[in-house]
Amino acid sequence: MNDFQSMYEKCGISKAVYDYGEKVLEKLSGRFAQFDTVTEYNQLKVINAMQEAKVSEACFMPSSGYGYNDLGRDTLEKVYAKVFNTEDALVRPQITCGTHALAIALASQLRPGDEMLSISGKPYDTLEEVIGIRESTGSLKEYGITYSQVDLKADGSFDFEGIKSAIKKNTKLVAIQRSKGYQTRPSLSVDSIGEAIKFVKSIDPSMIVMVDNCYGEFVEKYEPSDLGADMTVGSLIKNPGGGLAPIGGYIAGTRKCIEKCAYRLTSPGLGKEVGATLDINRSLLQGLFLAPTVVNAALKGAVFAANIYESLGFKVVPDSTESRHDIIQAVTLGSPEAVVAFCNGIQSAAPVDSHLTAEPWDMPGYDSQVIMAAGAFISGSSIELSADGPMKPPYAVYFQGGLTWYHCKLGILKSLEMLVREKIVDIYI
Ligand SMILES: *Cc1c(COP(=O)(O)O)cnc(C)c1O
């Protein structure tokens, strides 16, 4: 028995599962090398931005109270603006999560009588209440802002004709969601988003285009903001926080849009000038510094899982060879027992809470029970290795994240180990 095998055995991985994993890995060196190239580019992009913005030790000083002249905060925002190639950025711990960042971006630009148009179909679940598609207090709908939607075509591409006819006189903002989230459509490439932005601007150059960039950051060399998005929006407890950011969201965009976002986040008149960062600028900057390599790990994990489970006959989205535009991997396991076993494999591989058992529960806002596996340093962080699945047909799990590739590898092998032990899958070498 070699060293590795015995260490894996200590971690609960049998020889058969270890060997199966190694065999799948043999075919993946080309894919991994492609990811490494993108990561190298993005790492340089981030370092260059930090140098140009003159990140210094003084940026790590905590601020309190109003937070006037918070050097770390202002520098961090300069760094984000450079990384995303935008005029300005709003990057704050006061932005509580991705949904909040998106809500600020929308509410800051839209006024009563304006219409928002989603051109990538139904937006992420939590936005339904922000917009008012689902009745809720304080929605855009309550303020007289209307919503319409153009679905993606059956092949997952933009419906340009549909978009053209859906743009009306009062359409003020077009929204695009890069990641599929928990839907079955493919995620959108940055190139295709760029094409859609160009098309929308050719119809109305003053149209504001907002991209929900959650889970997409650093997966490709370019971001939607490089291709003309007015606002690119995401969460710091996903990709760009690099696993170190304890809270926060960002909006990178044009000076005009970001100014409005700042007035919406804090208060008219105050804007970006206030907002103490307490003691977290170091984590936000260091997290961004690590983010390209963390995304690299997550992508390797996603592709490894896709190849393992596809080879065992399960449907995986994206499939084993498809190009990647976000870090989410869906695996359709086909039975409730398999979903539970998979999630407990991920749970038992975690550095935190590995001794806990994940169980399905009635999560607010969902129409079936949901099981979630997460042993994270940052509560709810989905850039850390995590998996969740609604307990309903087709019994798919969605999993994402992983701060290091080796942790991803262990988590996926453990999920397989659980499925083998439960006699749900058989592995033939
Ligand atoms: C996670 C996510 C959101 C919302 O982010 P939260 O931080 O959970 O509020 C929005 N859109 C997409 C595509 C996401 O993946």
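For ligands, and for the atoms within them, numbers begin at 1 and follow the listed sequence.
Interatomic distance, Leu127 CG to Lys122 NZ, rounded to the nearest 0.5 Å: 9.0 Å.
Counting protein heavy atoms only, atom 11 (N) of ligand 1 is closest to Asp212 OD2, 2.6 Å. Scanning all protein heavy atoms for the shortest distance to atom 14 (C) of ligand 1 gives Lys238 NZ, 3.0 Å. For atom 4 (C) of ligand 1, the closest non-hydrogen atom of the protein is Thr99 OG1, 3.4 Å.
Considering Tyr124, Tyr215, Tyr398 only, the shortest heavy-atom separation from atom 3 (C) of ligand 1 involves Tyr124.
Residues Ala306 and Ser320 share a closest heavy-atom pair of CB-CA, 4.1 Å. Scanning both residues, Leu236 and Ala245, for their nearest heavy atoms gives O-CB, 3.4 Å.
Between Lys141 and Glu135 there is a salt bridge, since at least one side-chain N of the basic residue sits less than 4.0 Å from a carboxylate O of the acidic one. Salt-bridge annotation for Lys172 and Asp204: absent, with no side-chain N of the basic residue lying under 4.0 Å from a carboxylate O of the acidic one.
Aromatic pair Phe218/Tyr41: centroids not less than 6.0 angstrom apart. Between Phe84 and Tyr250, the ring center distance clears the sub-6.0 Å criterion.
With ligand atoms numbered from 1 in the order given, ligand 1 contributes 13 (C) to contacts under 4.0 Å with heavy atoms of Gln177. When each atom of ligand 1 is checked for a heavy atom of Leu102 under 4.0 Å away, the hits are 10 (C). Taking every heavy atom of Cys97 and a limit of under 4.0 angstrom, the matching atoms of ligand 1 come to 7 (O), 9 (O). For ligand 1 and Gly98, the ligand atoms under 4.0 Å from any heavy atom of the residue are 5 (O), 6 (P), 7 (O), 9 (O).
Not a single heavy atom of Arg178 sits closer than 4.0 Å to an atom of ligand 1.
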